[in-house]
Amino acid sequence: MKHFTTIYDVANPNQLIEEALHLKKTPYAYSTLGQNKTLGLIFLNPSLRTRLSTQKAARMLGMEVMVMNLDKESWAIEWNDNVIMNGNTVEHIKDAAAVLGSYCDIIGMRAFPSLTNKKLDYSEKLLVQLMKYCNVPVISLESATLHPLQSLADAITIKENWKSEKKPKVVLTWAPHIKALPQAVPNSFAEWMTKLDVEFTITHPHGYELCDDFTKGASIEYNQEEALKDADFVYVKNWSSYSNYGAMPEVKDNWMMDLKKYAHTNNAKIMHCLPVRREVELSSLLIDHPHSLIQQQATNRVTAAQVVLKNMLHKMSGTENKKQEILELLES
Ligand code: CP
């Protein structure tokens, strides 16, 4: 795996999930793999889970970690090429990324969307510019459109909790919120679920359709109760409108997931990526329910980050071994 920014960076997602489950049982089996390697984590937005789980995962592999809140602690970055920098930006991403790449062997970046410019957000400009100029593997810590570490942790959690031969019914349900949130988590969850061995349904009010680049293969159901029927896993998440980009079209019906709606499911496991607004998105009774997997998902963020870093480190050491082999061959 060169970069990890989407499921398409993973050659075999099922194999990666199996590898993650094995790694979870033997978390210190590769405690020296990352020796003398540095992970740089740069954040343009807040984080609790991503920030801490990725650091923990890297340290379990023996890596050094550097963390920077790029938006607050560094110079104002110019992300556009071919500009005269006579405004507020102080340092071009071309220069900053090259410096970061010289300090770090792998770089992770969190960069949320603006939610005001769909074309720009969906071009993943910030992530693309970092990858273009840093010269080392890049991990998305949640980009404008995707959150692959979260989705990998979610996929690991579903696999851990499904023992039947039958495909589980997985339902992603839109939930209310007080502010406009990105589409990255639901896009990413859809991207992963449509490629795994599950029956996948998305339910949301009219006006909240996701970008169909990510939802191809999913069933879309506008009636939440209908969608929840016989669900084995229910993933609750808010997102803002994609078509009326970043808006929150009014929803008259009650979409908050609660015990009454839960009764339609097949004693489903409840999932949410966190942070969650209790009694707005999801009832406290369900968050704390015996069938809630919410804390397990957060725990699995460590395993997800660890298996991604392990694969990158293996690839690097393979490359380095090859370089050494060639040098030895030239010398002989
Ligand atoms: N789920 C998730 O990414 O959490 P943080 O925003 O706290 O990292």
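Keep in mind that what you see is a predicted model, and the values were worked out from it rather than measured. Position 1 is the first residue of the sequence, and the numbers go up from there. Whatever order the structure lists them in is the order used to number ligands and atoms, beginning at 1. Any value given below was found using the heavy atoms of this structure, including those in side chains, with hydrogens, waters and symmetry copies removed.
Nearest to atom 4 (O) of ligand 1 among the protein's heavy atoms is Arg49 NE, 2.8 Å. Scanning the protein heavy atoms around atom 2 (C) of ligand 1, the nearest turns out to be Arg301 NH1, 3.4 Å. Ranking the protein heavy atoms by distance from atom 6 (O) of ligand 1 puts Arg110 NH1, 2.8 Å first. Nearest protein heavy-atom contact of atom 7 (O) of ligand 1 is Leu48 N, 2.7 Å.
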Listed pairs under 3.5 Å, donor-acceptor, residues 164-172 side chains, sequence neighbours left out:
residue: Ser164; atom: OG; partner: Lys166; partner atom: N; Å: 3.0
residue: Lys169; atom: NZ; partner: Ala227; partner atom: O; Å: 2.9
residue: Lys169; atom: NZ; partner: Lys229; partner atom: O; Å: 2.7

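Proximity to His147 (heavy-atom distance under 4.0 Å) selects the following atoms of ligand 1: 2 (C), 3 (O). Below 4.0 Å from some heavy atom of Thr50 lie the following atoms of ligand 1, by number and element: 2 (C), 3 (O), 5 (P), 8 (O).
Proximity of Leu274 to ligand 1, defined as any heavy-atom pair under 4.0 Å, is confined to the backbone N, CA, C and O atoms.
Centroid-to-centroid, the aromatic rings of Tyr235 and His272 stay 6.0 Å apart or farther. Aromatic ring centroids of Phe214 and Phe189 lie 6.0 Å or more apart.
Geometrically, ligand 1 and Pro275 share no nitrogen or oxygen pair separated by less than 3.5 Å.
Cation-pi geometry between Lys310 and Tyr30 is met: under 6.0 angstrom from the ring centre, within 45 degrees of the axis.
Between Tyr208 and Trp174, the ring planes lie tilted relative to each other; the angle falls in the 30° to 60° range.
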| query | Which is it for His289 and Ile270 under the side-chain contact (heavy atoms from CB on, under 4.5 Å) test, yes or no, and what are the steps along the way? | reply | CA-CA 8 Å; His289 194 275; Ile270 296 293; 5.5 Å; no

